[in-house]
Amino acid sequence: VMSLSRLQNEFNESDYEADVFEFAVGNLTIHSDLAAITWPNTKEIRTSVNALHNRILKNGGYLTISEGIHEITVILEEKEFKAARGAVSEKPIATHQNVGSVGVTFKKNYLDTPGLLYLIFQQLYLQNINIIEIASTANQLIVYLAEDNVRLAFETIYNRFVRKVK
C-alpha cells in the first residue's frame, strides 16, 4: 500500500493525458418496419438467402445480411418476413419483429480512431437501449434495435455527436 501511495504521489497527469476527441456524424438515417431472422450458416441456407437477396433487391426492397462463422442473419422489411421464412426450409435460430434501425455515417479519417464505436455504443447503453444486431462498413454503422427505442437512439446520437459538435 505504501508503494502504491508513493507511485500515486509521483504520478504526473500531464504525462498520461488520454487523447480526448470529438467526432462529427456525417449523416443519420432511420428505418422502421423491419424484421430480423437468424439461421445456422450452412451452404443450403446461404443459397436460399442469396436467392431471397436477389429477389428483394430487384424489387427495390431493404435487406441487410450479416454472416458469421456459425450463423447468418437477414434483416428485411416486415412485409417480407413471411416470404423469407418460407424461402428457407430450416427453422430459424432467432427471429425479431418490430425492429428499427439507426444508421450513422462518418468521415474516412475516423477509421483509425480507437474507441469510435465504443463511444456510440456507450451512449446507447447509458439510455438502456438493447442492440439486436449491428451491420457496418468502412464509414457506416447501422444499429438494429426494438422499434420502440429508435427515437431515443436517434435523439441520443444526434444530441451527443451532431448538435454538440456543430
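These numbers come from a predicted model, not from an experiment. What's counted below: heavy atoms across the whole structure, side chains too, no hydrogens, waters or symmetry copies.
- Expressed to the nearest 0.5 Å, how far CD1 of Ile120 lies from CZ of Arg160 amounts to 10.0 Å.
- Hydrophobic clustering (side-chain heavy atoms under 4.5 Å, transitive across Ile, Leu, Val, Met, Phe, Trp, Tyr) groups Phe154 together with Leu141.
- Ile75 and Val150 are assigned to two separate hydrophobic clusters, defined by single-linkage of ILVMFWY side chains at heavy-atom distances under 4.5 Å.
- Taking all atoms of both residues into account, the shortest heavy-atom contact from Glu71 to Asn41 is N-CB, 3.6 Å.
- Residue Tyr62 comes nearest to Ser101 through the heavy atom pair OH-OG, 4.1 Å, listed as atom of the first residue, atom of the second, then distance.
- Val88 and Ile56 fall within a single hydrophobic cluster, where Ile, Leu, Val, Met, Phe, Trp and Tyr are joined by side-chain heavy atoms under 4.5 Å apart, directly or via other members.
- Nearest heavy atoms, Ala84 versus Ile37: CB-CD1, 3.7 Å.
- Here the closest non-hydrogen pair linking Asn98 and Glu78 is N-OE1, 3.3 Å.
- A donor-acceptor distance shorter than 3.5 angstrom exists from the side chain of Trp39 to the backbone of Glu90, with no hydrogens or angles considered.
- Interatomic distance, CZ of Phe121 versus CD1 of Ile129, reported as 12.0 Å (0.5 Å rounding).
- Side chains of Ile142 and Thr29 form no contact here, defined as non-hydrogen atoms less than 4.5 Å apart.
- The distance from atom CG of Leu119 to atom CD of Gln123, rounded to the nearest 0.5 Å, is 7.0 Å.
- Side-chain atoms of Asp33 do not come within 3.5 Å of backbone N or O of Lys79 as any donor-acceptor pair.
- Within the 4.5 Å cutoff, side-chain heavy atoms of Arg46 are placed close to those of Glu67.
- The distance from the CG atom of Leu76 to the CD1 atom of Ile65 is 9.5 Å, given to the nearest 0.5 Å.
- Atom CG in Leu145 sits 11.5 Å away from atom CD in Glu133 (nearest 0.5 Å).
- When the side chains of ILVMFWY residues are joined at heavy-atom separations under 4.5 Å, either directly or via intervening members, Ile30 and Tyr144 end up in two distinct hydrophobic clusters.
- One hydrophobic cluster, built from ILVMFWY side chains closer than 4.5 Å, cannot hold both Val99 and Leu28; they sit in different ones.
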### Task
Kindly determine whether Arg85 and Thr95 satisfy side chain to side chain contact (heavy atoms under 4.5 Å, CB included), including the steps that lead there.
CA-CA 10 Å; Arg85 293 280 311 263; Thr95 61; 4.1 Å; yes
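- Nearest approach of Ala87 to Leu52, heavy atoms of both residues: CB-CD1, 4.4 Å.
- Between Ile72 atom CD1 and Thr38 atom OG1 the span is 9.5 Å, to the nearest 0.5 Å.
- Listed here is the closest heavy atom pair of Ala146 and Ile132: N-CD1, 3.5 Å.
- Within a 6.0 Å radius of CG in Asn128, no more than 12 heavy atoms belonging to other residues, nucleotides or ligands are found.
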